[in-house]
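Everything on this sheet refers to the single structure shown next.
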Amino acid sequence: MIAIIDYGMGNIHSVKKALELYGAKTKVSNNPREISSCRKIILPGVGAFGEAAQELEKQGLAALIKDEIKNRKPFLGICLGMQLLFEKSEEANKCPGLGIIRGEVKKFPVSDLKVPHMGWNQLKQEIDSCPLLKGIAGGSYVYFCHSYYPQPKEAAVVAATTGYGMNFASIVWQDNVYGAQFHPEKSQGVGLKMLENFVNLC
Amino acid sequence: MLTKRIIPCLDIKDGRVVKGVKFLGLKDAGDPVSVAKLYDAQAADELTFLDITASVEKRKTLLELVERIAQNIFMPFTVGGGIADLTDIRNLLNAGAEKVSINTQAVKFPELIQDASRKFGSQCIVLAIDAKKTPKTWEVFINGGRTPTGLDALEWAKKGAQAGAGEILLTSMDYDGTRDGYDLDLTEAICKAVNIPVIASGGAGKLEHFYDCFSRTGAQAALAASLFHYGEYTIKQVKSYLKEKGIPVRL
């Protein structure tokens, strides 16, 4: 059973359906007991960092997520759900993130490039062995829709990067924790393959 | 490299596709999910659904439809039409829309864009602008192009971007339906005025029009309806053509 944390921040239907395509049973929930009874956890998220961080705290989910990650449960954060794994974000200076991955979330600098970074862009794999990227060709396109990007402190957690003005971390991987800045559930075949890989993780 | 997007647009009424969509081999061309699946298979980059349902009671039909689309296609889509407040936006996003587009209500209640982008993030708030040429500039129209507002389209676009809109869906009322190509002057003027992505809309009739749009304006995406619905070109044909001409697209 894979828990999809529903804390009132955006789309869960596509994620749920995609996981079910690959035979996974899912549980959409904000109930800590239900979530911890699952073998894997996904934190989706669309919205603003500050509100999301507050919701996780308020609903008792922040502590739960930290515990479950410590217990080595496979965990996937998507888009805002990935950003929340970091210590803090320029989007909401007063609301700390979960602090599971060291580093911060920054706003794209003002330049000729349009912000949000919106649309289909490529993945450059930085680590060969990332289980999430198994069977996915370098240079594959995935769908992005964000104004802030993660900047991990340790380069070792960067599994893939994407170029938009600079190269930013589009997939992070730290032990049992995975984060995707794009939306695998909206990235057609390539994204579905990643979710399939997550389903098949031991 | 970030690619240029090709976006088919579907008009929805009472949960059904309107404006006869004529596809070969499609059992039910009125079912938005069937049409969405077909565009998904053609490598469309996004879909836009414009709900033209008049009555408020029918909003539930729309939410059920959005949920069904999200469960059946794994690509981003935007829903617009009749969005009144933050509750409408939240419901659509939770039902599975990637973005919502707001037109009339943003003009009537300019704080809506700011409130919505603070609450849900800029990336999901699209400001839709219907613009018509005036002797010196372009004017914003609302209520499906029926009501002039006296607002200058460039000023309005800037204001919307400052308020937190994450994208502009720009429709040229002069070119819409003409099949003479996108309004390049209008599109470029808006692209220059704001630092958020702009989707050009209105006027696509030939492959060259897409190339002109991307080579002569800063538009990040081009939207078209009838061209695709009547099967004159598939999205793949448009994208292959663009790729040959050196425009970055995802194929």
> Side chain, backbone, both or neither: which part of B:Arg5 has a non-hydrogen atom closer than 4.5 Å to chain A?
Replying inline: side chain
> Run the side-chain contact (heavy atoms from CB on, under 4.5 Å) check on A:Cys79 and B:Gln123 step by step: do they pass?
Replying inline: CA-CA 11 Å; A:Cys79 198; B:Gln123 82 292 331; over 6 Å; no
>> Below 4.5 Å, heavy-atom pairs only: which of A:Thr162, A:Asp112, A:Val115, A:Asp6 has the largest tally toward chain B?
In response: A:Val115
>> Tell me whether the count of non-hydrogen atoms from other residues, nucleotides or ligands lying under 6.0 Å of CE in B:Met1 goes above 12.
In response: no
> Which pair of heavy atoms, one from B:Ala44 and one from A:Gln188, lies closest together, and at what distance?
Replying inline: O-NE2, 3.7 Å
>> In the structure I gave you, are the side-chain heavy atoms of B:Pro197 and A:Pro116 within less than 4.5 Å of one another anywhere?
In response: yes
> Where the side chain of A:Lys186 meets the backbone of B:Glu46, is there a donor-acceptor pair that is under 3.5 Å apart?
Replying inline: no
> How long is the gap from CG on A:Leu113 to CG on B:Asn195, to the nearest 0.5 Å?
Replying inline: 8.5 Å
>> Test of understanding: with ring pair (Phe, Tyr, Trp, His ring centres under 6.0 Å), list the residues that count as partners of A:His146, not counting sequence neighbours.
In response: A:Phe108, A:His117, A:Phe144, A:Phe168
> Is B:Phe77 close to A:Ser14 at the side-chain level, that is, under 4.5 Å between some pair of heavy atoms?
Replying inline: no
> If you draw a 6.0 Å radius around NZ in A:Lys73, do more than 12 non-hydrogen atoms from other residues or ligands fall strictly inside?
Replying inline: yes
> Of the non-hydrogen atoms in A:His13 and B:Ala95, which two are nearest, and what is the gap between them?
Replying inline: CD2-O, 3.3 Å
>> So which atom in B:Ser122 and which in A:Ser147 form the shortest heavy-atom distance, rounded to 0.1 Å?
In response: CB-OG, 4.4 Å
> Are the side chains of A:Lys17 and B:Phe74 in touch, meaning some heavy atoms are under 4.5 Å apart?
Replying inline: yes
>> A:Tyr141 vs B:Thr3, test: side-chain contact (heavy atoms from CB on, under 4.5 Å). Steps then yes/no.
In response: CA-CA 9 Å; A:Tyr141 286 99; B:Thr3 52; 3.4 Å; yes
>> Can you pull out every side chain to side chain donor-acceptor pair (under 3.5 Å) where at least one residue sits in residues 212-222 of chain B? Sequence neighbours excluded, please.
In response: none
> If you round to the nearest 0.5 Å, how far is CG of A:Leu80 from CZ of B:Phe120?
Replying inline: 13.0 Å
>> Which heavy atom of B:Arg118 sits nearest to which heavy atom of A:Ala48, and what is that distance?
In response: O-CB, 3.3 Å
>> Please classify the contact between B:Lys99 and chain A as side chain, backbone, both or neither, with a heavy-atom cut-off of under 4.5 Å.
In response: side chain
>> If we define contacts as heavy-atom pairs under 4.5 Å, which of B:Leu93, B:Asn72, B:Ile69, B:Asp40 has the most with chain A?
In response: B:Asp40
> Can you say whether A:Glu185 sits under 4.5 Å from chain B via the side chain, the backbone, both, or neither, judging by heavy atoms?
Replying inline: backbone
>> Whether A:Glu51 and B:Arg90 form a salt bridge (side-chain N of Lys/Arg under 4.0 Å from carboxylate O of Asp/Glu) is what I want to check.
In response: yes
> Looking at A:Met118 and B:Leu2, what are the two nearest heavy atoms and their distance?
Replying inline: O-CD1, 3.6 Å
> Just how far is it from atom OG of A:Ser187 to atom CE of B:Met75, taken to the nearest 0.5 Å?
Replying inline: 10.5 Å
> Do B:Gln71 and A:Glu20 come close enough that some side-chain heavy atom pair is under 4.5 Å?
Replying inline: no
>> Heavy-atom pairs under 4.5 Å with chain A: which of B:Pro76, B:Ala70, B:Gly96 has the most?
In response: B:Pro76
>> Checking B:Glu98 against A:Tyr143: is there a side-chain donor and acceptor pair closer than 3.5 Å?
In response: no
